[in-house]
Amino acid sequence: MGANGCGKTTLLRLIAGTLRPSAGKITVAGRVDWLPQDLTLDPTQTVADVLGIAPKLDALRAIEAGDASSRHFDTLADDWDVETRALAALRQVRETLGGPGFLDRAVAMLSGGEVVLCALAGLIVRRAPIALLDEPTNNLDQAAKAAVREVVRNWRGTLIVVSHDLDLLEAVDATAELYDGELRFFAGPYHVYREAIDAEQQTAADQAASAKAAIRKERRQRQEAETRLAHRAAQAKKQSQQGIPHGAVDYLTNRSEKATAKLRGKLDSRLADAQEVAAHAAAKVRKREHISIDLPDPQVPAGRQIATLRDGQSEYLLQGPERIILTGPNGSGKTTLLEHLLGQRPAVGPTGTLHLDRVGYLPQRWELDPRLSALALVQQVAPAVPETALRNQLARLLLRGDAALRPTAALSGGERFRVALARLLLADPPAQLLILDEPTNNLDLDSVQQLVEALSAYHGALLIVTHDARFAAALTPHLVLELTSDGRLRRAD
């Protein structure tokens, strides 16, 4: 567990050996295999390449064809059942994977979710004693997520999983949280961790409140003491004017000043102690930042036609500032439908028509120029908006101060996502329709909540592809559509 940018992926890369620690030492007892968060694959690669068995499979087939070259036997290394195990692992993660010729299929023919499942099957086939999974349920439909949970529950060997998928986090034996550069362990799955953190935070909040009350008490006592001291000083001055000998007045004044200094020192010390306790208590309270943004109205009347989706039998109209969620199994064509709707590819299956021009699109794999700052990137889509106004809006999106001016390459993953979102929300003129494809991939739980807050401030139409049921429910959609594996559109709510 850990927030975006805290170093979870870096820690996995250190364990895997693709990074070396700048200090300290990591000891790994056994071979390490891992499933990275972002699979960068050549679209011409085959499923066998993704599984990591292509050389062995080629050697096996050469031997079966009668080539008795020693290099084939050396490559195969007695792994004679590699093809059988590969097909079994594919069916383990999804029953529809692993048919005839599937190992030779190009990954370009697979959906993003299917590629992730194939990569997970590769870990099962390669049987490393230590495996690392970095956000393995990204892009996956509900059935595939359930399959990943079963793989995790039944894993033989050591498994370290980085995820924000609450259901998956209930399938593990223990939870480690990376927070503020420190790794803490909790003996149980997510709910055990959550209960411990919530109890800890409640105690910290109570201590912080008590410490603030103590500061108010000390300040009140200090004010009351100063009032008494001022009264004593006035009395001393009055006595000096009543004929008391000068020497006696000096003595009494000197004694009073010493007593006053001693009392003030004591009060100052008590106030400083109370402030130190308060600062220590406040440091234990975790701050959860919330987005509160005032967006321009894109002027979408209730009767305005936005987009039409159709499958040849049924037709669905997005009208006015409605919110539509599009879900469905991996490989059913959700992203293809979005890209067809945007005119980026021909229709394959269901079709769609846009009835307006002002559309913002956030694809699954979005990219930002790493050299430019958040402010510069937003200025590209809102050149007429004053810089001060843009910086104020970026601050409301939690991109404050230097964060808005640094190159995006120096920002955390969550910050970069908010920059991409800012380019959609702050465009001038504002988009009347936002289309988002799996926007919660790679986002921590707080960032998902911040995304909900940002979209809640948007008054245009939304069309969102997601498998995240909690996120979808939080947006209170007007309609949930499912794109089935046979290309049908149907209401899912």
Side-chain angles (χ1 to χ4, degrees), residues 16-18 30-141 143-161 171 329-332 485:
T18 62
R31 181 168 57 91
V32 178
D33 202 351
W34 79 315
L35 176 65
Q37 184 178 128
D38 295 313
L39 289 168
T40 53
L41 300 173
D42 183 341
T44 63
Q45 285 184 307
T46 66
V47 171
D49 291 319
V50 176
L51 295 176
I53 63 168
K56 288 190 175 186
L57 191 61
D58 290 342
L60 176 62
R61 289 172 175 173
I63 293 170
E64 290 174 339
D67 187 345
S69 173
S70 61
R71 74 175 186 275
H72 297 319
F73 289 92
D74 291 340
T75 299
L76 190 58
D78 293 329
D79 196 0
W80 295 96
D81 65 341
V82 60
E83 184 171 6
T84 302
R85 289 191 299 105
L87 294 174
L90 288 166
R91 287 191 292 270
Q92 182 179 344
V93 296
R94 169 151 279 179
E95 292 182 357
T96 57
L97 301 181
F102 189 79
L103 295 176
D104 299 314
R105 185 177 298 181
V107 296
M109 299 174 63
L110 306 178
S111 71
E114 288 172 328
V115 172
V116 172
L117 290 176
C118 289
L120 179 60
L123 265 67
I124 299 172
V125 173
R126 295 190 294 270
R127 300 183 291 195
I130 302 169
L132 315 174
L133 307 182
D134 195 356
E135 298 286 1
T137 59
N138 280 353
N139 301 311
L140 298 188
D141 58 37
K145 289 181 179 181
V148 173
R149 291 196 295 272
E150 285 305 306
V151 168
V152 169
R153 289 192 181 99
N154 299 317
W155 195 269
R156 295 183 179 181
T158 298
L159 187 65
I160 300 176
V161 182
N330 292 129
S332 59
S485 55

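Quantities reported herein were computed from a predicted structural model and do not represent experimental measurements.
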[atom1]/[X] to [atom2]/[Y] distance, rounded to the nearest 0.5 angstrom?
{"X": "Cys118", "Y": "Gln45", "atom1": "SG", "atom2": "CD", "result": "12.0 Å"}
{"X": "Arg61", "Y": "Leu76", "atom1": "CZ", "atom2": "CG", "result": "12.5 Å"}
{"X": "Asp134", "Y": "Leu35", "atom1": "CG", "atom2": "CG", "result": "8.0 Å"}
{"X": "Lys56", "Y": "Asp78", "atom1": "NZ", "atom2": "CG", "result": "9.5 Å"}

Restricting to non-hydrogen atoms, name the atom on [X] and the atom on [Y] that form the minimum distance, rounded to 0.1 Å.
{"X": "Ala16", "Y": "Val32", "result": "CA-CG1, 3.9 Å"}
{"X": "Arg94", "Y": "Ala143", "result": "NH2-CB, 3.7 Å"}
{"X": "Lys145", "Y": "Leu140", "result": "CE-O, 3.2 Å"}
{"X": "Pro136", "Y": "Val116", "result": "O-CG1, 3.3 Å"}
{"X": "Thr75", "Y": "Pro55", "result": "CG2-O, 3.6 Å"}
{"X": "His72", "Y": "Asp67", "result": "NE2-OD2, 3.0 Å"}

* To do: Can you spot which of Asn330, Leu110, Leu120 makes a side-chain contact (heavy atoms from CB on, under 4.5 Å) with Val115?
  =>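 Of Asn330, Leu110, Leu120, side-chain contact (heavy atoms from CB on, under 4.5 Å) with Val115 is met by Leu110 alone.
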* Output, in order, the C-alpha distance, side-chain angles, deciding distance and verdict of side chain to side chain contact (heavy atoms under 4.5 Å, CB included) for Asp79 and Ile53. => CA-CA 10 Å; Asp79 196 0; Ile53 63 168; over 6 Å; no
* Take Leu90 and Leu103 through the test side chain to side chain contact (heavy atoms under 4.5 Å, CB included) and record every step on the way to the result. => CA-CA 10 Å; Leu90 288 166; Leu103 295 176; 3.8 Å; yes
* Donor-acceptor contact present, side-chain Asp49 to main-chain Thr46, <3.5 Å ->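 Between the backbone of Thr46 and the side chain of Asp49 there is a qualifying donor-acceptor contact (under 3.5 Å).
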* Arg126 side-chain N/O to Leu51 backbone N/O, donor-acceptor pair under 3.5 Å ->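 The answer is yes, because a donor-acceptor pair under 3.5 Å joins these two groups.
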* Pairs involving residues 151-160, ordered by first then second residue, that meet side-chain hydrogen bond (donor to acceptor under 3.5 Å, both in side chains) (sequence neighbours left out) ->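 Every pair satisfying side-chain hydrogen bond (donor to acceptor under 3.5 Å, both in side chains) with a residue in residues 151-160: Glu150-Arg153.
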* Would you indicate whether Glu64, at its atom CD, is surrounded by more than 12 heavy atoms from other residues, nucleotides or ligands within a distance under 6.0 Å? =>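 Buried by this count: over 12 neighbours within 6.0 Å.
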* Asked: So do Val152 and Leu133 actually touch side chain to side chain, heavy atoms under 4.5 Å?
  ->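 They are in side-chain contact.
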* **Contact check, side chains of Val47 and Leu97, non-hydrogen atoms, under 4.5 Å** =>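 The answer is no, as the side chains (C-beta and beyond) never meet within the 4.5 Å cut-off.
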* To do: Begin with the C-alpha distance, continue with both residues' side-chain angles, and end with the deciding distance and a verdict on side chain to side chain contact (heavy atoms under 4.5 Å, CB included) for Thr137 and Arg149.
  => CA-CA 9 Å; Thr137 59; Arg149 291 196 295 272; over 6 Å; no
